[in-house]
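Whatever order the structure lists them in is the order used to number ligands and atoms, beginning at 1. Here the structure is a predicted model, which is why all the values come from computation and not from measurement.
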Amino acid sequence: MRKRSPKRLVIVSNRLPISIEWDNGKPRARHSSGGLVTALGPIMRQRGGLWIGWPGSVDKVDLGRLIPASEKPNYGLRPVWLTSDERDKFYLGFSNEVIWPLFHALQTVCNFDPEFWTMYRRVNRKYAQVAKRHAGKDDYIWVHDYHLILVAQELRRTGVTGPIGFFLHIPFPAPDIFVKMPWRREILEALLEYDILGFQTVQHRRNFIQCLRNVIGDVGLEGKGHVLRLKVAGRRISVGYFPISIDYDQFASEAGAEAVSEMARNVRQQLPDRQLVLGIDRLDYTKGIPYKLDAFRNALLRYPELRERISLVQVLVPSRADIAPYHDLKIEIDRLVGAINGEFTKSGWIPIHYIFRHLDRVELLALYRAAGIALVTPLEDGMNLVAKEYCVSSVEEDSVLILSEFAGAAVQLQRHALIVNPYDRDGVADAIHRAYHMPQEERRQRMHRLRRSIQDQNIYEWVDDFLLAGAASAPRLPATSKPVRKAARR
Ligand code: F6P
């Protein structure tokens with residue numbers, strides 16, 4: 001019989017950190033993009049364990065053969081293969097046409113198709129079956145994100161009684177929005193099957209507790225701080241908020257590497273005598289890209305001295321292109337970029353440089369290094385790790401972060417970033433103007449403090465915090481680097 005190390009961490013998420021792309025009928029493995037993978041990758045590299053998820057393709061391939069030996073992870077990868085019907089109704093459908101827009105407070109974008117719900121249940125069962133098959137009784141199953149809310153309930157149905165944790169990477173909406181969900185009771189009841197639920201911010205946790213009160217009934221709460229004990233409908237679980245982060249040391253050291261410095265110098269040389277304003281977003285309507293472009297145009301109108309002095313480099317990472325609002329958004333952004341460039345371009349100066357593709361790591365870090373200002377303006381965001389990556393990559397500590405007040409990251413970074421309302425085109429234009437003129441000393445002070453704050457709460461703190469909070473209620477969790485504490489930190 002296979003010998004299993006005790007207390008192994010088993011991550012279950014919709015997507016694996018490796019995605020399969022098809023190029024002229026040939027499969028190719030690339031790193032998946034997005035906050036979840038950025039955050040969990042370093043943890044798994046450090047601790048080992050097993051990662052269960054979908055490799056992003058409906059055609060099965062041999063993952064082991066596709067990943068070059070030099071890139072093979074030191075943890076296990078267990079693919080869950082989705083059929084095209086499952087991809088359409090579970091991933092594109094319920095996950096991204098129901099939960100994603102609703103939880104980002106955009107209920108008018110939702111498509112509450114009952115078939116999506118049926119498929120969501122079926123595919124959550126499928127993930128649960130894979131988890132049950134591959135997790136041992138001493139392993140800790142940690143389920144991630146909105147695609148897989150029902151996994152614990154499905155595991156319980158098959159007799160799994162051990163501790164199971166859940167972390168929601170996206171916002172949890174306010175009750176008046178959540179109640180629009182036809183399956184609101186089912187979703188809440190399923191969440192109560194976990195032993196611990198983690199949210200990004202105190203506000204998201206507050207929303208969840210209020211939804212329980214409105215939909216399920218009386219809620220008893222014990223404790224204080226960032227982890228509470230909650231009693232409802234005969235269940236007792238822990239609920240906490242754990243703002244997710246990145247691997248500070250890894251980002252800082254990679255950003256300072258010679259290849260990155262050289263590419264950053266090249267970027268600056270190609271765009272001389274001007275400050276670069278950087279936007280990096282997955283193509284998603286929650287990221288507020290048309291509002292950002294409009295605010296940038298407004299800055300050029302309100303402050304004509306900025307013309308020929310700043311350029312926006314807007315990177316769009318392709319995503320969920322098969323969903324109509326994403327497709328329409330791309331067309332709208334193309335049109336806006338064309339219109340703004342048509343309106344303002346002069347010989348030797350293009351206001352917006354527009355990139356629509358996945359960036360490799362060196363390109364990404366070089367853009368972070370080259371840009372003096374980052375414009376991170378989502379309409380609603382669980383955390384937004386681009387904001388943190390940008391600060392940590394600013395190894396010279398001479399750049400400015402402009403950040404939406406509706407990103408979870410604003411809770412932590414608000415004192416030293418320039419905080420804006422992304423819907424306020426004058427406010428965002430003023431922030432761009434202020435950032436452009438900000439004296440070096442103020443830039444340094446602000447960026448230094450932003451970086452220290454992220455260093456203090458890096459991804460290893462985050463995982464330890466979650467596992468310790470879980471350990472308080474369930475004794476068999478994977479060891480952390482810290483002693484168990486009862487008191488909350490925040
Ligand atoms: O938490 C949101 C998330 O799951 C993140 O991993 C990432 O930002 C994005 O969504 C990835 O989207 P997808 O897997 O649909 O490409």
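- Figure legend: cation-pi geometry between Arg361 and Phe251, with NZ or CZ positioned under 6.0 Å from the six-membered ring centre and within 45° of its axis.
- For Trp54 and Tyr127, the ring centers sit 6.0 Å or farther from each other.
- Against a heavy-atom cut-off of under 4.0 Å, Arg320 is close to the following atoms of ligand 1: 9 (C), 10 (O), 11 (C), 12 (O), 13 (P), 15 (O).
- Summarising the contacts of atom 1 (O) of ligand 1 with Asp284, Asp145, Asn96, Asn14, the nearest heavy atom is found in Asp145.
- Using a 4.0 Å cut-off to heavy atoms of Leu36, the atoms of ligand 1 that qualify are 5 (C), 6 (O).
- Between Trp100 and Tyr91, the ring centre distance reaches or exceeds 6.0 Å.
- Protein heavy atom at the shortest distance from atom 13 (P) of ligand 1 is Tyr91 OH, 3.4 Å.
- In the vicinity of His169, heavy-atom distances shorter than 4.0 Å reach the ligand 1 atoms 1 (O).
- For Trp462 and Phe167, the ring centers are positioned less than 6.0 Å apart.
- The shortest N or O to N or O distance between Arg15 and ligand 1 is below 3.5 Å.
- Near Ile170, meaning under 4.0 Å from one of its heavy atoms, ligand 1 places the atoms 1 (O), 2 (C).
- Close approach to Trp100 involves these atoms of ligand 1, each under 4.0 Å from a residue heavy atom: 2 (C).
- For Tyr423 and Tyr291, the ring centers sit closer than 6.0 Å to each other.
- Taking the ring centre of Phe356 as origin, the terminal cationic atom of Lys330 falls inside the region bounded by 6.0 Å and 45° from the ring axis.
- For an aromatic pair to be called close, the ring centres must be under 6.0 Å apart, and Phe199 with Phe242 fails this.
- For atom 8 (O) of ligand 1, the candidate residues are Gly53, Gly35, Ser95; the nearest heavy-atom contact is made by Gly35.
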